[in-house]
Amino acid sequence: INAEYGGDRESALRCVRGSKDLECLALGVQIYLAMNRPDLAEKELKTMQSIDDDHSCTQLATAWLFVAAGGEKYQDACIIFQELAEKFSPSAFLLNSQAVCHIHMNKMEQAEADLLDALQKDNKNADTLANMLLVAQHRGKSDDMLKRYMTQLRQVAPKHSFVRAYDQANASFEENKDRYAL
């Protein structure tokens, strides 16, 4: 729904506001987190919990809020993603979500294992490829491997935020490198 409204989160929120459907409420949590409003996301989550605390949508939204909170909550989020993967089978999304938690906890080896499993499920998942690039860099993988992941990411999602940020950083470097040449 967010993409449908071209990033207009307020319009997307109007579509789900007032709903008591857990999927709509979960989408509201996601939108509030994207707006950097964890206070409103938490309020939406409390509504979800009052409807069905054990529902998978409620559990997923709880994990998202834990990831946004950071710190010790990464471990709690990771546990929720793991439980959901055990209950419903480990999807690329859930494995990637676990990997994000492991990255934040500086458990790069486990993050890499999660991401490799996610790539086996969906080798065209842009977020998994972007996270794989990050982990490969942190783990000191070869330049060839990094280039391969970047090429895959560019093919799958040329407008991905990671690709745009990378290209912007490279352009800035090229523009300014002569200022600092010795």
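In this chain, numbering begins with 1 at the start of the sequence shown.
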Do [X] and [Y] have side chains that get closer than 4.5 Å, going by heavy atoms?
X      : Y      : result
Met48  : His55  : no
Leu60  : Val29  : no
Glu112 : Met108 : no
Phe173 : Gln168 : no
His102 : Cys78  : yes
Pro38  : Tyr32  : no
Gln30  : Leu27  : yes
Val163 : Pro158 : no

Among side-chain atoms of [X] and [Y], is any donor-acceptor pair under 3.5 angstrom?
X      : Y      : value
Asp114 : Gln110 : yes
Ser11  : Arg14  : yes
Gln59  : Glu83  : no
His160 : Asp127 : yes

Aromatic rings Phe93 and Phe81: how do their planes relate, parallel, tilted or perpendicular, breaks at 30° and 60°?
perpendicular
[X] [atom1] to [Y] [atom2] distance, which is reported to the nearest 0.5 Å:
X      : Y      : atom1 : atom2 : answer
Gln137 : Met132 : CD    : CE    : 12.5 Å
Gln152 : Leu133 : CD    : CG    : 9.0 Å
Leu153 : Phe162 : CG    : CZ    : 7.0 Å
Leu33  : Glu42  : CG    : CD    : 10.0 Å
Leu129 : Thr151 : CG    : OG1   : 10.5 Å
Ile80  : Lys87  : CD1   : NZ    : 12.0 Å

How close do [X] and [Y] get, heavy atom to heavy atom, and via which atoms?
X      : Y      : value
Asn125 : Ala92  : ND2-CB, 4.2 Å
Leu45  : Thr58  : CD1-O, 3.8 Å
Cys24  : Val16  : O-CB, 3.7 Å
Leu13  : Met35  : CD1-SD, 3.7 Å
Ala136 : Leu146 : CB-CD2, 3.6 Å
Cys101 : Val67  : SG-CG2, 3.9 Å

Look at the side-chain heavy atoms of Ile, Leu, Val, Met, Phe, Trp and Tyr, link any pair under 4.5 Å apart, and say whether [X] and [Y] land in one connected group.
X      : Y      : result
Leu25  : Trp64  : yes
Met105 : Leu94  : yes
Ile51  : Leu65  : yes
Tyr74  : Leu134 : no
Tyr166 : Leu115 : yes

Kindly determine whether Ile103 and Asn131 satisfy side-chain contact (heavy atoms from CB on, under 4.5 Å), including the steps that lead there.
CA-CA 9 Å; Ile103 289 167; Asn131 287 328; 4.3 Å; yes
Does the [X] side chain pair with the main chain of [Y], one donor and one acceptor, at a distance under 3.5 Å?
X      : Y      : result
Ser50  : Thr47  : yes
Asn123 : Leu119 : no
Arg9   : Ile31  : no

What do the steps show when you test Gln75 against Lys107 for side-chain contact (heavy atoms from CB on, under 4.5 Å), and what is the final call?
CA-CA 11 Å; Gln75 182 63 41; Lys107 295 180 179 180; 3.8 Å; yes
Tell me, yes or no, whether the heavy-atom count around Glu72 atom CD, taken from other residues, nucleotides or ligands under 6.0 Å, exceeds 12.
no
Would you sort out whether Leu84 and Ser56 count as a side-chain contact (heavy atoms from CB on, under 4.5 Å), showing the intermediate values?
CA-CA 7 Å; Leu84 288 170; Ser56 57; 4.0 Å; yes
For side-chain contact (heavy atoms from CB on, under 4.5 Å), just list the numbers for Gln120 and Asp117, CA-CA rounded to whole Å, side-chain angles, deciding distance to a tenth of an Å, and then say yes or no.
CA-CA 5 Å; Gln120 284 186 338; Asp117 288 347; 4.2 Å; yes
